[in-house]
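Notes to accompany the following structure.
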Amino acid sequence: MAIFNYSIECASAVRAKQVKDMIRATDIYQDGLDVQDEVVSVLSKQGLIDELRVFSFCNFIDLSIVVWNEDLEFEEAEKLDRLELFEYDWSDYRKRK
């Protein structure tokens, strides 16, 4: 299974710490787990997207996730159009509750 870079943007530093703690607790490959302000970065296998989606939904945490191959720098992946974006925004759902 391939390894990918993840950049996970959260609404606040508190939410970013929660995401970091969730990733740390998973039983999947991870390396370089770090948090800076509202952004969590990590190297992991593709299965992390499902974990983040479920965590986001269960905790109503909005996430913006950018994923690219580990063998590319961000700028190179962007230039080659090799970035994948995943958006989890629960604001409409919260308004309906």
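Keep in mind the model is a prediction, meaning the values are calculated, not measured.
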Verify same cluster id: V42, V54 (apolar side-chain graph, 4.5 Å): no

R53 side chain reached by D50 side chain, heavy atoms, under 4.5 Å: yes

Heavy-atom closest contact (R15 atom, I61 atom, distance): NH1-CG1, 3.5 Å

- prompt: Does the pair I8 and I23 meet the rule for a side chain to side chain contact (heavy atoms under 4.5 Å, CB included), with working shown?
  reply: CA-CA 11 Å; I8 307 156; I23 293 170; 3.8 Å; yes

task: Could you check D71, D31, N69, L43 and say which one makes a side-chain contact (heavy atoms from CB on, under 4.5 Å) with I3?
output: L43

- line: Between L72 and N5 the two heavy atoms that sit nearest each other are O-ND2, 3.7 Å

task: Would you check if V39 and C10 make a side-chain contact, meaning some heavy-atom pair closer than 4.5 Å?
output: no

- request: Please examine the side chains of L33 and R24, heavy atoms only from C-beta on, and report whether any two atoms are closer than 4.5 Å.
  value: yes

task: Kindly write out the residues that satisfy side chain to side chain contact (heavy atoms under 4.5 Å, CB included) with D34, not counting sequence neighbours, or none if the list is empty.
output: Q36, S41

task: Anything under 30° is parallel, anything over 60° is perpendicular, the rest tilted; go ahead and classify W90 against Y88.
output: parallel

task: Tell me yes or no: between the side chains of Q30 and S44, is some donor less than 3.5 Å from an acceptor?
output: no

- line: What one should report as the nearest heavy-atom pair of M22 and L52 is CE-CD2, 3.5 Å

message: List the residues meeting ring-ring contact (aromatic ring centres under 6.0 Å, His included) with F74, not counting sequence neighbours, and say none if there are none.
response: W68

task: Taking atom CD of E73 as the centre, report whether more than 12 heavy atoms of other residues, nucleotides or ligands fall under 6.0 Å from it.
output: no

- prompt: Roughly how far, to the nearest 0.5 Å, is CZ of F4 from CD of E70?
  reply: 9.0 Å

query: What are the two closest non-hydrogen atoms of E38 and A13, and how far apart are they?
result: CG-N, 3.7 Å

Rounded distance [0.5 Å steps], CG in L83 versus CD in E76: 11.0 Å

task: Show your reasoning for whether side chain to side chain contact (heavy atoms under 4.5 Å, CB included) applies to Y6 and V66.
output: CA-CA 6 Å; Y6 290 80; V66 180; over 6 Å; no

message: Please report the interatomic distance CD(E87) to CG(D62), rounded to the nearest 0.5 Å.
response: 9.0 Å

